[in-house]
Amino acid sequence: MTDAHIEAIMPIVGENLVRLELVSCVAYDEHTDVETKLSCNSLIPIAQHCKHLKSFSMVGSNITTRGLQLVLSANTSITTLNISDNRRLDTRAVDIISRYLPRLEVLRNYWPNRAIYWLSDDGLIALIDAQEKESGGSGIFLKQIGLYNINIGHELTIRGIKYAVEKGVKEIEIEKGGLHSSIVDLRSDVQLYQAHYIHYIDGSLYERGPVTHY
């Protein structure tokens, strides 16, 4: 799957799409041994032709924050967003999500064995506060967060997670590790599920299980 494929099919299918999942799409050239991921060149036709998305997944790509803004600004009804393993996103991504997706319910941001660079405590707190403002102080819409095994030293810590749980987040997907233990210590009613990098895309029939070691 390449940018050219996305550009070709969006004029045909984009108008009626409500769910679009592009997960780890890679074009491999066996002659040069080079892998090419989807880029913002895919997001441009998506933004042009998709106006009714409720769920959007772009996983393991080379998209930038600017490209993400194009899609989200054209699809403000998105309630489920998975932008895992996109290493070129920066901290502005949180501002864009807060601005264009005020009623986001599910946010997944897996970075297997890497720091979560764009999502920090302050960013998650700002996202929560923006939702609370959107609701007129009656609560937040975000109910579920998908993470991975995050340890001490990464930008998203128990401070941001605790704030989210206290404000209304009910489910967290995460592996065992330092942050998982800290969440358990909160003694809240938040439900913890095993993180899974690939299978938890919207519409998947993969059944989530409790947090455990593989």
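What's counted below: heavy atoms across the whole structure, side chains too, no hydrogens, waters or symmetry copies. Quick note: residue numbers are just sequence positions, from 1.
- Under the side-chain hydrogen bond (donor to acceptor under 3.5 Å, both in side chains) criterion, Asp95 pairs with no residue at all, not counting sequence neighbours.
- For the atom pair Phe56 CZ and Ile46 CD1, the distance stands at 4.5 Å (nearest 0.5 Å).
- With values rounded to the nearest 0.5 angstrom, Leu186 atom CG is found 5.5 Å from Ser188 atom OG.
- Ile145 pairs in a side-chain contact (heavy atoms from CB on, under 4.5 Å) with only one of the listed residues (Val190, Val169, Ile174), which is Val169.
- By the salt bridge (charged side-chain N to carboxylate O under 4.0 Å, His left out) test, Glu15 is found to be paired with no residue, residues two or more places apart in sequence or in another chain being considered.
- Using a 4.0 Å cut-off between a side-chain N of Lys or Arg and a carboxylate O of Asp or Glu, Asp185 and Arg187 do not qualify as a salt bridge.
- Nearest heavy-atom pair across Lys37 and Val26 is CG-CG2, 4.3 Å.
- Under the 4.5 Å side-chain contact rule for hydrophobic residues, Leu38 and Ile12 share a cluster.
- Qualifying salt bridge (charged side-chain N to carboxylate O under 4.0 Å, His left out) partners for Arg99, counting only residues two or more places apart in sequence or in other chains: none.
- Leu104 and Val106 fall into different hydrophobic clusters, where Ile, Leu, Val, Met, Phe, Trp and Tyr side chains are chained together by heavy-atom contacts under 4.5 Å.
- Of the candidates Val165, Asp121, Leu179, Leu179 is the only one forming a side-chain contact (heavy atoms from CB on, under 4.5 Å) with Ile158.
- Rounded to the nearest 0.5 Å, atoms SG (Cys25) and CE (Met58) are 7.5 Å apart.
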> Do Leu119 and Val94 pass the side-chain contact (heavy atoms from CB on, under 4.5 Å) test, and can you show the C-alpha distance, the side-chain angles, and the key distance before you say yes or no?
Replying inline: CA-CA 7 Å; Leu119 185 58; Val94 176; 4.0 Å; yes
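- Summarising the geometry of Leu17 relative to Cys50, their closest heavy-atom pair is CD1-SG, 4.1 Å, with the distance given to 0.1 Å.
- Between Gly168 and Lys143, the shortest heavy-atom distance links the atoms O-CD, 3.8 Å.
- Hydrophobic cluster of Leu70: the remaining members, joined at side-chain heavy-atom separations below 4.5 Å, are Ile44, listed by chain and number.
- Looking at Ile125 and Arg159, their side chains come closer than 4.5 Å, going by heavy atoms from C-beta outward.
- Across all their heavy atoms, Ser98 and Ala130 have their closest contact at CB-CB, 4.1 Å.
- The two residues Thr79 and Arg103 make their nearest non-hydrogen contact at CG2-O, 3.8 Å.
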>> Does Ile96 form a side-chain contact (heavy atoms from CB on, under 4.5 Å) with Thr65? I'd like the steps, not just the answer.
In response: CA-CA 8 Å; Ile96 290 170; Thr65 304; 3.1 Å; yes
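- Smallest separation of non-hydrogen atoms from Ile97 and Leu72: CG1-CD1, 4.0 Å.
- Taken from CZ in Arg88 to CZ in Arg66, the straight-line distance is 14.0 Å, to the nearest 0.5 Å.
- For the pair Thr80 (side chain) and Ser55 (backbone), a donor-acceptor distance under 3.5 Å is absent.
- No hydrogens or angles considered: a donor-acceptor pair under 3.5 Å links the side chains of Asp3 and Ser42.
- The structure places CD1 of Ile172 at 5.0 Å from CD1 of Ile161, a figure rounded to the nearest 0.5 Å.
- Here the rule is side chain to side chain donor-acceptor pair (under 3.5 Å) with Glu173, and of Gln191, Gln144, Gln194 only Gln144 fits it.
- Rounding to the nearest 0.5 Å gives a distance of 12.0 Å between CG of Leu142 and NZ of Lys170.
- The side-chain contact (heavy atoms from CB on, under 4.5 Å) with Trp118 is formed by just one residue from the set Asp90, Ile83, Leu156; it is Ile83.
- Follow the hydrophobic side-chain contacts under 4.5 Å out from Met1 and you never reach Val34; the two are in separate clusters.
- Side chains of Asp122 and Ser120: a donor-acceptor N/O pair is absent below 3.5 angstrom, by distance only.
- With sequence neighbours left out, Lys167 forms a side chain to side chain contact (heavy atoms under 4.5 Å, CB included) with Ile128, Glu132, Ile140, Tyr163.
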>> Walk me through whether Val18 and Leu53 qualify under side-chain contact (heavy atoms from CB on, under 4.5 Å).
In response: CA-CA 4 Å; Val18 294; Leu53 291 178; 5.7 Å; no
Output side-chain donor-acceptor pairs under 3.5 Å for residues 4-11, partner residues at least two apart or in another chain, one line each.
{"residue": "His5", "atom": "ND1", "partner": "Thr2", "partner atom": "N", "Å": "2.9"}
{"residue": "His5", "atom": "ND1", "partner": "Thr2", "partner atom": "OG1", "Å": "3.1"}

> Given the rule in the side-chain contact (heavy atoms from CB on, under 4.5 Å) test, do Asn86 and Val59 qualify, once you have shown the distances and angles that lead to the verdict?
Replying inline: CA-CA 6 Å; Asn86 294 306; Val59 176; 5.7 Å; no
